[in-house]
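Notes for the one structure printed next.
Since the structure is predicted, the reported quantities are computational estimates derived from the model, not experimental observations. Any value given below was found using the heavy atoms of this structure, including those in side chains, with hydrogens, waters and symmetry copies removed.
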Amino acid sequence: MRKKSWLTGLFLLILSCITIIVRMHYVNYLMSEVNINEDIYNAAKVSMGASGLTSAFADGFRIQSLYICNLYLVFLIFGNFTVAGVYLNILYQFLTVLFVYIAISNVANRYVGFAGSLILAILPIYIDTLSEVTVQNMEILLAALTVTILILAVRWFYHRYTVPKSVPDNMNANEMNLEEDVNSNTDSANVLNANILQDTSMKEIHYDDLEDNKVQYIENPLPVPKRREHKEMDYAFEPTGNDDYDMKDLTGKDFFDIE
């Protein structure tokens, strides 16, 4: 999501820079004269000489009345209706390029939207309309805005009422897959337990098997006393099986305690 937002911001920044730079170059070097519509000019002068913005809507709300209202506001900044009309057209075209990008990117993808809006930003026929102070650029802007709003509304309606219906199916599929995994794990556990229970014999434990588990002590570097040798005592001769331990034949025997 962050990557897509970053890409969208980059595309919008590039389109904004190209749109403004191309139009400023056209206004400064390529535009020879400005043609302002007489009806718009006269209506704008009437609005300026009368009660301001309210006179623009004296005959009711119309697109031309809205354009005259915007032209009058820009006139307050530049002080000339002709210059104000040119820069107002630049603003209209700039917004139109952005709306075209939003509309196309929601229908197709960001790359197609960037390509389509870039073509509109550098289209010579569209740039030439800057010198015409008429309602044309405003009408194009309103058309682009209307299409963009409709596309966004349809997209929202689709995701709001269509996509959630398919979510339970996906959840059911996930639950089924989870149940299958649990069953498979249970079967494997049962097999493992059966294999463990089958071997009921007791194995003999050898001392050699425990060598690896014995504690390995390090050699003591300090001087210690010598170990005492263990002495063993045994009989001088082995007795027979049914011997009563009473010596009857003393021939050759020289025991000091026998008289």
Side-chain angles (χ1 to χ4, degrees), residues 1-24 26 37 39-40 43-44 47 53-54 56-74 84-171:
M1 180 63 73
R2 292 180 180 179
K3 182 178 179 181
K4 293 181 179 180
S5 301
W6 175 82
L7 188 61
T8 301
L10 178 62
F11 283 163
L12 291 175
L13 179 62
I14 294 174
L15 287 173
S16 302
C17 295
I18 292 176
T19 303
I20 295 175
I21 291 173
V22 169
R23 278 149 183 79
M24 294 304 297
Y26 174 79
N37 187 275
D39 297 335
I40 293 177
S47 300
L53 299 178
T54 57
F57 300 97
D59 298 333
F61 181 81
R62 294 181 301 173
I63 295 180
Q64 184 173 348
S65 301
L66 181 61
Y67 180 80
I68 293 172
C69 179
N70 294 334
L71 182 63
Y72 178 77
L73 293 176
V74 180
V86 173
Y87 284 99
L88 189 61
N89 288 337
I90 292 176
L91 177 62
Y92 288 154
Q93 292 191 5
F94 171 76
L95 296 176
T96 302
V97 170
L98 297 183
F99 285 137
V100 168
Y101 169 78
I102 296 173
I104 298 178
S105 61
N106 280 276
V107 173
N109 54 56
R110 290 174 175 81
Y111 301 100
V112 178
F114 177 75
S117 55
L118 181 62
I119 293 173
L120 183 64
I122 61 177
L123 189 66
I125 299 176
Y126 187 50
I127 298 174
D128 290 338
T129 58
L130 291 176
S131 60
E132 302 292 335
V133 183
T134 60
V135 194
Q136 180 180 1
N137 285 283
M138 187 176 185
E139 292 175 346
I140 297 175
L141 172 62
L142 293 177
L145 177 61
T146 304
V147 172
T148 303
I149 293 175
L150 290 176
I151 291 174
L152 292 177
V154 171
R155 185 181 178 88
W156 176 84
F157 181 82
Y158 175 78
H159 286 284
R160 178 67 178 81
Y161 295 99
T162 306
V163 175
K165 294 181 179 179
S166 61
V167 171
D169 297 335
N170 295 331
M171 294 179 61

In chain order, what residues pass the side-chain hydrogen bond (donor to acceptor under 3.5 Å, both in side chains) check against Thr129, with sequence neighbours excluded?
-> Gln93, Asn137
Check whether any side-chain heavy atom of Ile90 lies under 4.5 Å from a side-chain heavy atom of Met24, and answer yes or no.
-> yes
Across all chains, not counting sequence neighbours, the ring-ring contact (aromatic ring centres under 6.0 Å, His included) partners of Phe11 are Tyr111, Phe114
Which residues satisfy the side-chain contact (heavy atoms from CB on, under 4.5 Å) test with Thr148, sequence neighbours excluded?
-> Phe99, Ile102, Ala103, Leu152
Val135: what forms a side-chain contact (heavy atoms from CB on, under 4.5 Å) with it, not counting sequence neighbours?
-> Ile40, Ile63, Gln64, Tyr67, Met138, Glu139
Taking every non-hydrogen atom, the tightest pair across Thr19 and Ala121 | OG1-CB, 3.4 Å
Straight-line distance of Leu98 CG to Leu141 CG, nearest 0.5 Å | 10.0 Å
Taken to the nearest 0.5 Å, the spacing of Leu13 CG from Thr8 OG1 works out to 12.5 Å
Verify, without hydrogens or angle tests, whether Asn89 (side chain) and Ser131 (backbone) share a donor-acceptor contact under 3.5 angstrom.
-> no
Considering residues at least two apart in sequence or located in another chain, which fulfil the side-chain hydrogen bond (donor to acceptor under 3.5 Å, both in side chains) criterion with Tyr101?
-> none
Heavy atoms of Gly85 and Val133 approach each other most closely as CA-CG1, 3.8 Å
Within the side chain of Arg110, is there an N or O that forms a donor-acceptor pair under 3.5 Å with the backbone of Leu7?
-> no
CD1 (Ile68) and CG (Leu73) are apart, to the nearest 0.5 Å, by 12.0 Å
About how many Å separate CG of Leu91 and CD1 of Ile20, when rounded to the nearest 0.5 Å?
-> 9.5 Å
Residue pairs fulfilling ring-ring contact (aromatic ring centres under 6.0 Å, His included) with at least one residue in residues 124-157, sequence neighbours excluded = Phe157-Tyr161
Separation between OG of Ser5 and CG of Leu10, rounded to the nearest 0.5 Å = 12.5 Å
Could you tell me whether the side chain of Leu15 reaches within less than 4.5 Å of the side chain of Leu118, counting heavy atoms only?
-> yes
How long is the span from the CD1 atom in Ile125 to the CG atom in Leu120, to the nearest 0.5 Å?
-> 11.5 Å
